[in-house]
Number of protein chains: 2
Amino acid sequence: MAERVTLREVGLRDGIQMAASFLATDRKRDWAFRLRDAGLREIELTSFVPAKVVPQFADAAALAGIVPELDGVVASALVPNLKGAENALAAGIRHLNFVLSISEAHSLANVRRSTDEAIAEFHRIAALKDMPAGRDMVLGVGLATSFGCTLQGAVDPERVFEVARIVASAGADELIVADTVGYGNPAQVHRILPPIIDIAAGRRVICHFHDTRGLGLANVAAALETGVRAFDSSLAGLGGCPFAPGATGNINTEDTAFMLESMGFSTGIDIGALLELRRDVESWLGDERYSGAIARAGLPKTYQPVE
Amino acid sequence: MAERVTLREVGLRDGIQMAASFLATDRKRDWAFRLRDAGLREIELTSFVPAKVVPQFADAAALAGIVPELDGVVASALVPNLKGAENALAAGIRHLNFVLSISEAHSLANVRRSTDEAIAEFHRIAALKDMPAGRDMVLGVGLATSFGCTLQGAVDPERVFEVARIVASAGADELIVADTVGYGNPAQVHRILPPIIDIAAGRRVICHFHDTRGLGLANVAAALETGVRAFDSSLAGLGGCPFAPGATGNINTEDTAFMLESMGFSTGIDIGALLELRRDVESWLGDERYSGAIARAGLPKTYQPVE
């Protein structure tokens with residue numbers, strides 16, 4: 001029985017937050033359903049950030065309307081603050097991802113809050129679990145810039161662990177360790193992830209890698225060795241952070257699925273179906289930055305999905 | 001004291017063997033000297049293949065004339081057969097790389113010989129060690145398609161080990177395990193490399209990975225874990241095999257050096273100098289396929305070469 005690895009598709013959130021134009025809600029719906037049909041079982045669907053900050057997500061509540069139809073899929077949403085969390089819950093999203101930056105400089109640039117202020121906001125969001133609206137909420141916490149920051153430079157791993165401990169003890173159900181700007185390397189993954197897994201104490205640990213400097217899949221392979229079995233990735237490698245210069249490109253879902261399946265892990269993903277969806281997404285979005293080796297070179301003749 | 005990892009630059013051989021136009025010998029000389037100045041200590045300089053097969057290497061003997069000036073650099077050449085080996089030795093190259101394909105289909109397409117016929121040719125080349133001309137020869141043997149083949153599909157690891165044993169006992173000084181077509185993955189690296197290292201019995205083992213399907217650096221990271229400390233790579237990720245469809249792209253020297261240095265290994269490579277050379281090589285070669293994340297995204301603010 002092959003071991004399962006989960007790819008959480010973030011193309012509809014991280015992938016399009018910087019896209020040049022608004023993608024129609026119907027396209028987003030189609031995108032999500034076709035991800036489901038291609039075997040993706042976790043999808044970050046949108047972000048409950050104010051439309052005046054990121055106009056792409058003006059339709060967050062409308063898009064959340066498809067959640068009941070996305071059977072078999074865990075649909076999550078990014079929430080930047082308490083208000084976003086309340087809106088997401090009201091729209092029917094049960095799985096929220098709150099991101100805070102370990103780097104003070106990135107935190108201030110990204111959300112105009114210090115890391116400690118973001119932690120305070122997290123406490124307010126976690127408190128929703130004590131209210132009827134948030135009782136069945138699953139709360140993931142992204143630890144952005146855990147591997148370094150384009151603004152601040154080095155990030156102290158001890159600060160990553162400290163923040164992880166705080167949020168784990170205060171209601172985080174999942175820890176998402178993020179290399180927001182593509183500074184991480186496999187040796188660093190081996191240093192940072194084991195303590196995080198200890199701190200998580202049974203909570204799921206998810207890695208969120210960007211391929212900015214080409215090490216995305218090497219970092220995935222290293223994280224697998226530490227025991228991580230869930231990764232964020234985006235179709236066609238779309239994505240980037242508006243407040244982290246040069247931070248283009250989540251790891252590519254097709255390529256990551258290919259690597260995992262080749263290594264004998266089961267992802268449940270139909271790579272051919274993803275490549276078809278990718279072609280349509282490219283036609284919808286137009287001139288964005290797309291990555292991906294499998295889209296260019298094709299699957300090997302020897303490729304067999306793991307049962 | 002940081003551990004050393006060697007990158008053998010193959011851009012001047014694997015990188016340009018399919019280039020659309022002949023690169024002037026003076027450019028190749030400049031390229032080689034600037035690699036030396038950027039800290040590369042091993043360069044595959046050319047191929048002693050007949051000019052009617054690959055016109056790019058018509059100047060092999062002339063280019064070999066710079067070897068005495070490339071102080072501190074091990075300059076090697078590819079030799080396709082006994083005649084090529086004799087020519088390389090006559091031109092002053094002491095370090096020869098002979099490649100044979102584990103895949104019969106690839107061997108027949110590439111050199112119109114079965115694998116066993118190629119092994120017989122290897123015996124004839126190794127016999128040069130008993131002659132004055134070849135007495136100080138260092139003989140590397142490339143095991144092409146060790147991870148699979150675009151023509152044949154799967155390649156039996158037992159056959160890789162069998163051929164490795166034969167050449168190791170018959171005069172190979174180095175074993176170069178090659179993923180000629182970019183089929184390999186980190187799990188496969190962990191399966192194939194340890195037996196090869198055993199068979200090598202102290203001889204150097206070099207990995208030659210292509211990044212065709214995006215797993216090149218993940219495979220390097222896996223090979224590092226098995227103890228491999230030498231890799232073939234090419235500036236700007238140039239390269240490909242004329243008889244292996246879709247086999248574009250050696251692993252990129254700049255990106256590989258970045259990963260290794262970030263992980264705490266010493267490569268001796270000045271990545272900035274390599275990026276300058278890359279810009280000139282692009283202007284010389286024109287419309288080829290270039291890859292590389294560092295050339296696009298730049299080095300991280302936190303980057304420090306290992307002393």
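The chains referred to below are lettered A, B, ... by the order of the sequence lines, with proteins before strands, and numbering in each begins at 1. Nothing here was measured: the structure is a model prediction, and the numbers come from that model.
A 4.5 Å side-chain heavy-atom check between Phe258(B) and Leu215(A) finds at least one atom pair inside the cut-off. Side chains of His190(B) and Met263(A) form no contact here, defined as non-hydrogen atoms less than 4.5 Å apart. Residues Gln188(A) and Ser262(B) have side chains not in contact (no heavy-atom distance under 4.5 Å, counting atoms from C-beta outward).
The distance from atom CZ of Phe265(A) to atom CG of Asn185(B), rounded to the nearest 0.5 Å, is 10.0 Å.
Within the 4.5 angstrom heavy-atom criterion, no atom of Leu224(B) approaches chain A. For Ala221(B), the part sitting under 4.5 Å from any heavy atom of chain A is the side chain, from C-beta outward, and nothing else.
The nearest pair of heavy atoms linking Leu299(A) to Arg213(B) is C-NE, 3.9 Å. Thr212(A) and Ala297(B) make their closest contact through O-CB, 3.4 Å (heavy atoms, listed as atom of the first residue, atom of the second, distance).
Not a single donor-acceptor pair under 3.5 Å links the side chain of Lys301(A) to the backbone N or O of Gly153(B). In this structure, the side chain of Asp255(A) does not engage the main chain of Gly214(B) through any donor-acceptor pair within 3.5 Å.
The greatest number of non-hydrogen atom pairs below 4.5 Å with chain A, out of Gly298(B), Gly216(B), Ala218(B), Ala222(B), is found for Ala218(B). The candidate with the highest count of non-hydrogen atom pairs below 4.5 Å against chain A, out of Ala293(B), Ala295(B), Pro300(B), is Pro300(B).
When the shell of 6.0 Å around CG of Asp287(B) is examined, it contains 12 or fewer heavy atoms from other residues, nucleotides or ligands.
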